[in-house]
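Below is one structure, written out as structure tokens; the observations come after it.
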There are 2 protein chains.
Amino acid sequence: MSEDLKLNMNAYLPLRDVVFQTLREAILKGDLRPGERLMELQLAAKLGVSRTPIREAIRMLEQEGLAVTIPRKGAEVARMTEKDMEDVLQIREALDDLAVQVACDKITQEQLERLMATMKNFELAVQAGDLSKIVAYDVEFHDVIYEATDNPKLVILLSNLREQIYRYRVEYLKEKENYPMLIVEHEEIVQALKQKNKERVADAMRNHIRNQAEVVKNIIREQE
Amino acid sequence: MSEDLKLNMNAYLPLRDVVFQTLREAILKGDLRPGERLMELQLAAKLGVSRTPIREAIRMLEQEGLAVTIPRKGAEVARMTEKDMEDVLQIREALDDLAVQVACDKITQEQLERLMATMKNFELAVQAGDLSKIVAYDVEFHDVIYEATDNPKLVILLSNLREQIYRYRVEYLKEKENYPMLIVEHEEIVQALKQKNKERVADAMRNHIRNQAEVVKNIIREQE
DNA sequence: AAAGTGTATATTGTATACAGAATACAATAT
DNA sequence: ATATTGTATTCTGTATACAATATACACTTT
């Protein structure tokens, strides 16, 4: 933990939430590395708060699968083996499959338009080579589909799964040569959704997820 | 919160874990009702601990979807509308479908035997009319299948979903006339698993879950 | 050297104190 | 009567103090 974590002091949120968001982002960006210990006093000092909100934020990170705590030993950033990632991806595939099929029935015209707009923005970000926008629009693309399911619990679950994958996937998105395929895959998904063709949309999504899976697993394999 | 919650003082677990288990069980058994406020001081006094472990336990209950907290207002036992339950069941159906298909490939001979033994125990418990055993063996039946997936993250997710359903389903299990169908459904699942017939096993599980779904939704509808 | 023991230190676990926000309710004004 | 304000009270949010445990490391023993 070499970097200066800094709180984004949003006056009216409980500190635990602010701390949670801060630590979460640090983990996702890789500033806090897998296996790194999350020591309460240290974090409290660094963030200028007491241990109480730190502890509560850590409990929340556990929820998300981003931290693991061993009683009387403390918490650390969750490590992920290739097997762990395979497990997560297996679940994500099943739920994304569900999401996209439900979305097929329920997606509104307005959501479809947002989806296309997001896809366009994604392409523009790719052309501009703006990594943070690329990531943001990729996330938004999938979020629109998730929201179209009209199942908030599913949205939360999928966001959570994606989060666990993304902290490795960011590496992948740095490689420009991967963008064209992503764009094609997204377009295929949108086309299938427009046609409300469940089989096609499920195939397209499965293909998209599996391609991600390969890449992410390679990254983990390299790290290990 | 009229009943006396009592801690099961397991010397070496952090109090937050003991409190968590205690509150969790109280919610699942219905001793703490949906919508009931979880007030820190009150709970702390009742359980004979300070607010700190109570607060952390509440954060953990949030994880499980059993509590909801509103900043500066406090926590309450999560309410569930029929729509919420439909959302949960939709997810559970997808994941149980995944679980049972993976189990088809991976289940070991020993696990199959445990499954049959559990089914037998379930039937005996039904004959004896022992509700707590009926519930326990029903849970175990599904747990064996979950574990056969060799995907611990999936096991946790499914246990969590089941938990959200079970606190309503307990009502249903009190009605003896429902048992014969449960037994038949379980048998069908085991048969299909033995044959490693993925389609049949998926159909059987889907049927089992959907029947549950109807019952649970009726119970909620009555409550509302 | 290797294994074990003792002690200092670091870290988590728990209780408590205090500050600030939400709530309930009475008093007042409209 | 209804709405509004003020105030007491209850509750959460946060910091901090103290206790219990784990860890590291020097020291002893074999």
Side-chain angles (χ1 to χ4, degrees), chain A residues 1-2 5-24 26-27 32-63 66-79, chain B residues 1-2 5-24 26-27 32-63 66-79:
Chain A
M1 195 185 45
S2 39
L5 298 172
K6 197 63 182 294
L7 286 189
N8 185 3
M9 270 306 193
N10 179 336
Y12 224 67
L13 272 181
L15 281 180
R16 63 164 177 269
D17 293 315
V18 183
V19 171
F20 169 67
Q21 286 168 13
T22 305
L23 294 181
R24 180 172 169 278
I27 293 172
L32 291 169
R33 313 280 282 277
E36 188 166 348
R37 290 189 65 186
L38 298 170
M39 280 180 296
E40 300 167 7
L41 253 164
Q42 198 182 130
L43 290 171
K46 202 152 286 201
L47 298 178
V49 300
S50 78
R51 282 173 60 210
T52 308
I54 301 284
R55 284 178 69 87
E56 303 200 1
I58 288 175
R59 294 285 108 71
M60 296 165 81
L61 289 169
E62 284 186 272
Q63 294 170 25
L66 293 178
V68 173
T69 102
I70 301 158
R72 292 189 175 68
K73 170 101 186 296
E76 58 178 52
V77 178
R79 303 166 201 270
Chain B
M1 194 183 50
S2 40
L5 299 171
K6 197 62 183 294
L7 287 189
N8 185 2
M9 271 305 195
N10 179 335
Y12 224 66
L13 272 181
L15 281 181
R16 62 164 176 270
D17 292 313
V18 183
V19 171
F20 169 66
Q21 287 168 14
T22 305
L23 294 181
R24 181 172 169 278
I27 293 172
L32 290 168
R33 313 277 283 277
E36 187 167 350
R37 290 188 65 184
L38 298 170
M39 283 181 293
E40 300 168 7
L41 254 163
Q42 197 182 131
L43 290 171
K46 203 152 288 206
L47 298 177
V49 301
S50 77
R51 284 175 57 210
T52 309
I54 301 283
R55 285 177 68 89
E56 303 200 2
I58 288 175
R59 295 285 108 72
M60 295 165 83
L61 290 169
E62 284 185 273
Q63 295 170 22
L66 294 178
V68 173
T69 103
I70 300 157
R72 290 189 177 70
K73 170 96 188 300
E76 58 179 52
V77 178
R79 301 167 202 269

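In what follows, chains are A, B, ... by sequence order, proteins preceding strands, each numbered from 1.
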### Query
Quick one: side-chain hydrogen bond (donor to acceptor under 3.5 Å, both in side chains) partners of B/Arg33, sequence neighbours excluded?
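side-chain hydrogen bond (donor to acceptor under 3.5 Å, both in side chains) check on B/Arg33 returns nothing, list empty.
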
#### Entry: By side-chain hydrogen bond (donor to acceptor under 3.5 Å, both in side chains) - contacts of B/Glu76 (at least two apart)
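side-chain hydrogen bond (donor to acceptor under 3.5 Å, both in side chains) list for B/Glu76, sorted by chain: B/Arg79.
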
Strictly under 3.5 Å: I want the nitrogen or oxygen pairs between protein and nucleotides 20-22 of chain C, one per line.
residue	atom	partner	partner atom	Å
C/dA21	O3'	A/Tyr12	OH	3.2
C/dA22	OP2	A/Tyr12	OH	3.4

Inter-residue atom distance [X].[atom1] - [Y].[atom2], 0.5 Å rounding:
X       : Y       : atom1 : atom2 : value
B/Leu32 : B/Arg24 : CG    : CZ    : 13.5 Å
B/Glu56 : A/Ile58 : CD    : CD1   : 9.0 Å
B/Leu47 : B/Ile54 : CG    : CD1   : 5.0 Å
A/Leu61 : A/Leu23 : CG    : CG    : 5.5 Å
B/Thr69 : B/Arg37 : OG1   : CZ    : 11.0 Å

How long is the line joining [atom1] of [X] and [atom2] of [N], in whole Å?
X       : N      : atom1 : atom2 : result
A/Leu41 : D/dA22 : CG    : P     : 18 Å
B/Glu40 : C/dT16 : CD    : C1'   : 13 Å
A/Phe20 : D/dT14 : CZ    : P     : 15 Å
A/Leu13 : D/dT12 : CG    : P     : 18 Å
A/Leu15 : D/dT12 : CG    : C1'   : 13 Å
A/Leu38 : C/dT11 : CG    : C1'   : 13 Å
A/Met39 : D/dA24 : CE    : P     : 11 Å
B/Gln42 : D/dC11 : CD    : P     : 7 Å

#### Entry: Base-pairing string, 5' to 3', of DNA chain C - Watson-Crick or wobble, under 3.5 Å, | interstrand
||||||||||||||||||||||||||||||

### Query
Between B/Pro14 and A/Pro71, what is the shortest heavy-atom contact and its length?
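In this case the closest contact between B/Pro14 and A/Pro71 is CG-CB, 3.8 Å.
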
### Message
Just so I know, are the side chains of A/Val68 and A/Glu62 near enough to count as touching, which here means a heavy-atom distance under 4.5 Å?
### Response
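The answer is no, as the side chains (C-beta and beyond) never meet within the 4.5 Å cut-off.
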
### Task
Walk me through it: do B/Leu66 and B/Val77 pass the test side-chain contact (heavy atoms from CB on, under 4.5 Å)?
CA-CA 6 Å; B/Leu66 294 178; B/Val77 178; over 6 Å; no

#### Entry: Selection: residues 50-59 of chain B, any non-hydrogen atom under 4.0 Å of DNA chain D
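Only B/Arg51, B/Arg55 qualify.
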
#### Entry: side chain to side chain contact (heavy atoms under 4.5 Å, CB included) partners of A/Met60, counting only residues at least two apart
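A/Arg16, A/Asp17, A/Phe20, A/Gln63, B/Arg59.
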
